[in-house]
Amino acid sequence: MVQTNGQFKQKSHQLWRDKSKKNQQRKPSKHIPWVDVEDDEPKTNLKRHGAMVNGDNPNRRKKPRHSYTNSSARESVQNDAPNQAGPSSPTSIQEQRKQLPIAQGREALVEEIRANDVTVLLGETGSGKTTQIPQYIFESGIAGTGVIAITQPRRVAATSLATRVALEQESPLGKLVGYSVRFDEKYNHDTRIKYMTDGMIVRELLADPNLSKYSVVIVDEAHERTLRTDLLLANLKKILKTRNGPVAPGAKGKNQSNPLKVVVMSATLDAEKFSAFFSGAKILYIQGRQHPVKIYHSAENQIDYVDSAMRTFFQIHIDRPLGDVLIFLPGQEDIESLQASIEHFAKRLPEGVPEVLTCAMYAAQDQRKNSQVFSAAPPNTRKCILATNIAETSITIPGVKYVIDTGKCKEKQFLARAAGGGLDTLLTRDITQSSAMQRCGRAGREGAGFCFRLYTDKSFKDMEVSAQPEIVRCSLASSILQLRCLDLHLEELDLMDAPDIDSIQSSLKTLWLLGAIDNTGKLTQAGREMAAFPLEPQYACAVVASKNYGCTSEVLDIVAVISASSKLYIDVAEQRESAAEVRRKFRHPTGDHMTTLNVVRAYREVTADKNVVSGPGTGNKEKSAKKEWCRKHFLNEQALSEANDIRKQLETVCERNNINHTLSTTSRTSQKDDDSKGYAEDEAILRSFGHGLAENSAFLQPDGSYKQTMGPSAVKIHPSSTMCEKKVPAIIYDELVYTNSIYARGVSYIPKGFFSSFAAFQQRKA
DNA sequence: GAGCACTGC
């Protein structure tokens with residue numbers, strides 16, 4: 001596994017390269033034998049209660065296709081997109097609506113939803129359920145005067161769906177049809193169909209625990225089982241009892257006047273579980289529009305999946321008609337290595353074989369490169385896309401006819417019991433059946449396709465049916481804190497899957513150390529303040545603590561970058577050294593947090609410089625100057641501009657909580673009278689973070705290694721950190737991730753005396 | 001000595 005680039009390049013010249021030592025004994029066959037399993041479809045466990053709503057073909061009901069995919073939301077939008085160019089005339093949009101597979105079941109669907117409080121809809125890809133169901137409900141009057149909410153796990157889905165549905169309703173976006181996602185909302189008092197992220201509706205729960213303004217809540221992509229979806233489902237079950245429950249004797253039926261309807265939409269196999277959770281709610285099945293995908297399994301499991309993927313690619317390339325190939329791999333490292341191998345061998349193909357164009361797609365790669373997967377291959381060229389799970393749900397790539405599925409992915413898992421404050425693992429593991437079906441569905445978007453699985457049919461059957469819900473694999477600190485604000489306890493909530501008691505206790509301990517709850521487990525005033533921030537409790541705590549050090553402005557800058565969704569630094573293996581060189585000027589001796597602040601300040605100066613020359617067209621100039629500056633420094637502009645949005649949002653939260661966010665170390669007047677307690681700038685900032693990250697701290701040992709202060713583990717500083725190789729008495733870190741070893745990432749020096757004063761601080765509180 | 005994917009009044 002430990003390969004430098006040099007070693008790697010050498011190895012890629014050998015056809016049978018050993019990716020890891022454990023593969024040494026294996027004698028790979030030159031040609032992978034494939035087993036055709038088209039007629040041996042996986043058992044889907046679909047015992048459907050109730051109607052198949054568009055059942056013109058009763059056989060389909062017994063034998064659904066493999067290729068459910070779960071992002072029908074985005075799919076239906078994207079599928080329809082090409083048609084939007086010509087038919088902006090209302091009739092053709094209405095024609096399109098009528099032609100969707102779901103349209104013929106419309107009346108049946110509406111009647112079922114009208115008759116039941118809770119309905120579970122199982123819809124295949126391209127059925128149009130996400131765009132049509134809300135409109136059917138609205139048009140049939142089921143929703144009364146209330147708002148129909150449709151939740152989505154991802155922001156882009158919510159906004160693009162709302163755009164499409166507004167078009168179908170022939171109403172400008174933000175009126176009848178609107179959306180609400182972080183940093184962006186378009187809706188008004190007349191909005192009746194509202195697409196929103198699941199995170200947003202969970203936030204709304206805090207202000208309105210009964211979600212009283214919604215008459216219908218549609219939980220889409222429920223099978224993804226995000227933490228927020230699970231919390232929402234639990235709350236919906238509770239709300240149903242209140243709003244739809246029997247009228248209490250003597251009380252006037254106020255609860256009947258505002259009943260709630262819940263529609264749970266899923267694209268995979270666990271419809272029964274949702275049904276059971278809502279006491280046997282009716283399951284309706286909607287047929288999709290998906291081309292057949294022929295599935296091949298390898299006769300043997302391919303242990304060296306990178307090598308097997310390469311051989312499979314060339315088998316396809318040489319034997320099969322043109323059509324792009326999508327290869328699913330677990331991570332960046334494998335993608336970079338496979339891309340190099342494929343490019344190497346593509347140069348040595350015999351005459352007459354088409355050219356190969358490779359492109360890679362993973363979250364850490366910069367957007368411009370990622371977007372290359374969308375451009376069509378030149379004539380007589382086959383495009384080969386190497387992607388992580390990002391291509392499984394989030395993004396749909398056109399032109400794919402062949403999928404190669406390694407059967408692996410990386411998954412983050414929170415181990416509450418390990419290493420003090422918990423430990424995130426990021427390890428390669430086998431995918432699930434529904435993930436495998438999702439991946440193969442990617443080959444059938446535009447026509448019949450082929451899916452090559454680098455594992456046996458038996459391995460497929462041995463896979464978990466669906467992924468573990470997020471709630472059992474994540475830190476719960478943030479959710480517990482939010483629930484405490486509603487006087488709710490996570491452990492008392494009726495959840496579909498309850499998290500481990502260890503996980504709850506570890507999160508409670510974290511919250512106690514942050515001062516968010518007291519010794520009796522009661523929410524503190526500080527805890528209430530922390531909960532107001534859309535931040536991990538650790539960073540909300542740092543912001544709250546910064547009041548006392550007079551550096552809220554700086555802490556907000558750093559926290560905003562840390563909590564942005566994309567990484568600040570662009571990391572390309574071949575350019576690591578030049579990137580480190582050009583970014584050296586940002587380095588701060590205390591480590592990564594202050595270094596981040598330096599980057600933010602420098603970025604802001606680029607903007608300020610360009611503002612000096614004002615006039616028409618300056619905006620674009622400024623934009624391109626920023627872009628160029630980021631490119632030059634291997635910085636991700638998306639991260640910086642998102643951080644800017646987050647900062648603005650955090651400022652408004654500060655204002656509501658009477659936290660002065662303008663308090664800055666640079667605007668201090670007198671040493672004695674300000675809030676900084678006389679600390680130097682960096683020390684004030686790091687002490688603020690120290691409060692949030694006390695659990696994430698380590699002391700230097702005599703042998704030069706670091707050991708956790710609140711846990712048993714030895715930790716290494718991640719090589720990407722500015723603190724790597726440095727020896728300071730104590731460090732704090734943003735996270736601890738176990739990959740090949742336990743690495744601390746986002747590391748800073750913390751003043752020696754901090755922890756003794758912190759301990760005293762804790763005792764005072766207790 | 002090296003990073004799966006999402007999200008937040």
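Hydrogens, waters and symmetry mates play no part in the numbers below; they use all other heavy atoms, side chains included. Here is how names work: the chains are called A, B, and so on, in the same order as the sequence lines, proteins then strands, and each is numbered from 1.
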Mind checking if [X] touches a base, just sugar-phosphate, or nothing, with heavy atoms under 4.0 Å?
X: A:Glu725; value: nothing
X: A:Lys567; value: base
X: A:Thr739; value: sugar-phosphate
X: A:Leu535; value: base
X: A:Thr388; value: sugar-phosphate
X: A:Leu206; value: base
X: A:Glu204; value: nothing
X: A:Ser478; value: base
X: A:Ala363; value: sugar-phosphate
X: A:Leu426; value: base

Closest nucleotide of DNA chain B for A:Gln649 versus for A:Lys410: which of these residues is on the 5' side?
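Nearest-nucleotide comparison on DNA chain B picks A:Lys410.
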Please tell me which of A:Gln332 and A:Asp198 maps to the more 5' nucleotide of DNA chain B, matching each residue to the nucleotide holding its nearest heavy atom.
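Residue closer to the 5' terminus by nearest nucleotide: A:Gln332.
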For the student: nearest non-hydrogen atoms of A:Val306 and A:Ser337, plus distance
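The answer is CG1-OG, 3.7 Å.
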Do A:Leu231 and A:Leu483 make a side-chain contact, defined as non-hydrogen atoms from C-beta onward lying under 4.5 Å apart?
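Yes; the side chains approach each other to less than 4.5 Å.
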Within a strict 4.5 Å, meaning less than it, do heavy atoms of the A:Arg647 and A:Asp557 side chains meet?
yes
What's the [atom1]-[atom2] distance between [X] and [N], to the nearest Å?
X: A:Glu536; N: B:dC6; atom1: CD; atom2: C1'; result: 13 Å
X: A:Lys412; N: B:dC6; atom1: NZ; atom2: C1'; result: 11 Å
X: A:Glu577; N: B:dG1; atom1: CD; atom2: P; result: 15 Å
X: A:Ile742; N: B:dG3; atom1: CD1; atom2: P; result: 14 Å
X: A:Glu392; N: B:dC6; atom1: CD; atom2: P; result: 12 Å
X: A:Ile562; N: B:dT7; atom1: CD1; atom2: C1'; result: 17 Å
X: A:Tyr362; N: B:dA5; atom1: OH; atom2: P; result: 10 Å
X: A:Arg228; N: B:dC9; atom1: CZ; atom2: P; result: 11 Å

Closest to side chain of [X], choosing from [options]:
X: A:Ala207; options: B:dG1, B:dC6, B:dC9; answer: B:dC9
X: A:Arg154; options: B:dG1, B:dC6, B:dG8; answer: B:dC6
X: A:Arg745; options: B:dT7, B:dC9, B:dG3; answer: B:dG3

N/O (side chain, A:Ser563) to phosphate O (OP1/OP2, B:dG8) under 4.0 Å:
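Answer no for this pair, as no side-chain N or O of A:Ser563 is under 4.0 Å from OP1 or OP2.
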Determine, stepwise, if the pair A:Glu224 / A:Thr229 fulfils side-chain contact (heavy atoms from CB on, under 4.5 Å).
CA-CA 8 Å; A:Glu224 289 192 27; A:Thr229 292; over 6 Å; no
For a quick test of your reading: what N or O donor-acceptor pairs under 3.5 Å do the side chains of residues 558-566 of chain A make, sequence neighbours left out?
unit_1, atom_1, unit_2, atom_2, d
A:Ser563, OG, A:Val559, O, 2.8
A:Ser565, OG, A:Glu642, OE1, 2.7
A:Ser565, OG, A:Glu642, OE2, 3.3

Stepwise salt bridge (Lys or Arg N to Asp or Glu O under 4.0 Å) check, A:Glu464 with A:Arg429:
CA-CA 11 Å; A:Glu464 298 287 327; A:Arg429 53 161 290 170; 5.8 Å; no
Parallel under 30°, tilted from 30 to 60°, perpendicular over 60°: which one fits the rings of A:Phe689 and A:His593?
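Correct class here is tilted.
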Taking only heavy atoms on the protein side, list every residue of residues 181-196 of chain A lying under 4.0 Å from any atom of DNA chain B, sorted numerically.
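A:Val181, A:Arg182, in order of number.
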